[in-house]
Amino acid sequence: MRNLKNQVRSIGKLNTRDDNTETDEMKIEGYFVVFNSETELYDGMYEEISDKAFANIDLSDVRALADHDTAKVLGRTKSNTLKLSVDDKGLYGEIIINKNDTEAVNLYERVKRQDIDQCSFGFNILNETMEQRADGTTKWTITEIELFEVSIVTFPAYQDTSVEARSEQMKQLEKRNLQTRKA
């Protein structure tokens, strides 16, 4: 089992909402994680997040960021400006936009126009399974994570660290397979 740090995945679509209440809040909302949805990381390498991955998740202090940039905090569960909930589909979130933060308002407007409509999340893998399929592909199923951030992203992509981690793991698999064939 691996324990890789600072994994990110880009999954989900976003919407905006104007609450026509006394507070007149602007919100960005959507699913930051979708369960049991297989994603191709790269050729022949697949991954999915199990619904079990969030069974014991601590959501008490998670941040919402713009493009995984820690200098661009949009909300936080601890301050009730980010609300996260887990349902059968995945991890749903609402970010309450600070109207005094011009960057946040600009991002809200970009999401509203659908110039930006995707999201991502940053986490640590605590537990996962790996399956080598008969067709030569490999699939990881993540069964437990530690979540530290969700992000509104312009270009949803895996960071080099997660790709490198998978590449290194594939090298290890190839080496084991070669040793097995030799034996």
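The figures here come from the full heavy-atom set of this structure, side chains too, leaving out hydrogens, waters and symmetry mates.
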Check your understanding: Distance from Tyr46 atom OH to Leu41 atom CG, nearest 0.5 Å?
Key -> 9.5 Å
Exercise for review: Enter the distance from Ile57:CD1 to Glu146:CD here, rounded to the nearest 0.5 Å.
Suggested key: 8.0 Å
Check your understanding: Would you say Phe123 and Ile142 make side-chain contact, with heavy atoms under 4.5 Å?
Key -> yes
Point to revise | Stepwise salt bridge (Lys or Arg N to Asp or Glu O under 4.0 Å) check, Glu25 with Lys83 | key: CA-CA 14 Å; Glu25 291 180 334; Lys83 295 177 180 164; 5.8 Å; no
**Study point:** Asp101 side-chain N/O to Leu74 backbone N/O, donor-acceptor pair under 3.5 Å
**Key:** no
**Study point:** Minimum heavy-atom distance Met26-Val105, with the two atoms named
**Key:** CE-CG2, 3.8 Å
Exercise for review: Tell me, with the steps shown, if Asp115 and Arg113 meet salt bridge (Lys or Arg N to Asp or Glu O under 4.0 Å).
Suggested key: CA-CA 5 Å; Asp115 295 333; Arg113 283 181 16 151; 2.8 Å; yes
Point to revise | Ser151 side chain to Ser120 backbone, donor-acceptor under 3.5 Å | key: no
Check your understanding: Honestly curious: do Ile152 and Ile96 fall in one hydrophobic cluster under the side-chain, below-4.5 Å linking rule?
Key -> no
Practice item. Check Glu48, Glu131, Glu47, Glu128 against Lys139 for a salt bridge (charged side-chain N to carboxylate O under 4.0 Å, His left out) and give me the one that passes. Key: Glu48
Study note, to complete from the structure: To the nearest 0.5 Å, atom CD1 of Ile95 lies from atom OH of Tyr108 at 12.0 Å
Point to revise | Thr81 side chain to Asn98 side chain, donor-acceptor N/O pair below 3.5 angstrom | key: no
Study note, to complete from the structure: CD1 (Ile49) and CD1 (Ile125) are apart, to the nearest 0.5 Å, by 7.5 Å
Practice item. Keeping the roles fixed (side chain from Thr77, backbone from Asp61), state whether a donor-acceptor pair exists under 3.5 Å. Key: yes
Point to revise | Greater than 12 external heavy atoms within 6.0 Å of Asp43's CG | key: no
Practice item. For Phe35 and Asp88, work out which heavy atoms get closest and say how close. Key: CD1-O, 3.7 Å
Review point. Taking the side chain as C-beta and beyond, is there a heavy-atom pair between Val150 and Leu91 under 4.5 Å?
Key: yes
Check your understanding: For the residue pair Tyr31 and Tyr92, does the interplanar ring angle fall in the parallel (under 30°), tilted (30 to 60°) or perpendicular (over 60°) class?
Key -> perpendicular
Review point. Is Val86 reachable from Phe121 through a run of hydrophobic residues whose side-chain heavy atoms are each under 4.5 Å from the next?
Key: yes
Exercise for review: Any chance you could measure Asp69, atom CG, to Glu149, atom CD, to the nearest 0.5 Å?
Suggested key: 10.0 Å
**Study point:** Note, Lys72 side chain near Leu65 side chain (heavy atom, < 4.5 Å)
**Key:** no
Review point. With a 4.5 Å heavy-atom cut-off, do Leu82 and Arg63 have their side chains touching?
Key: no
Practice item. Grab the two heavy atoms, one from Ala66 and one from Leu107, that are nearest each other, plus how far apart they are. Key: CB-CD2, 4.1 Å
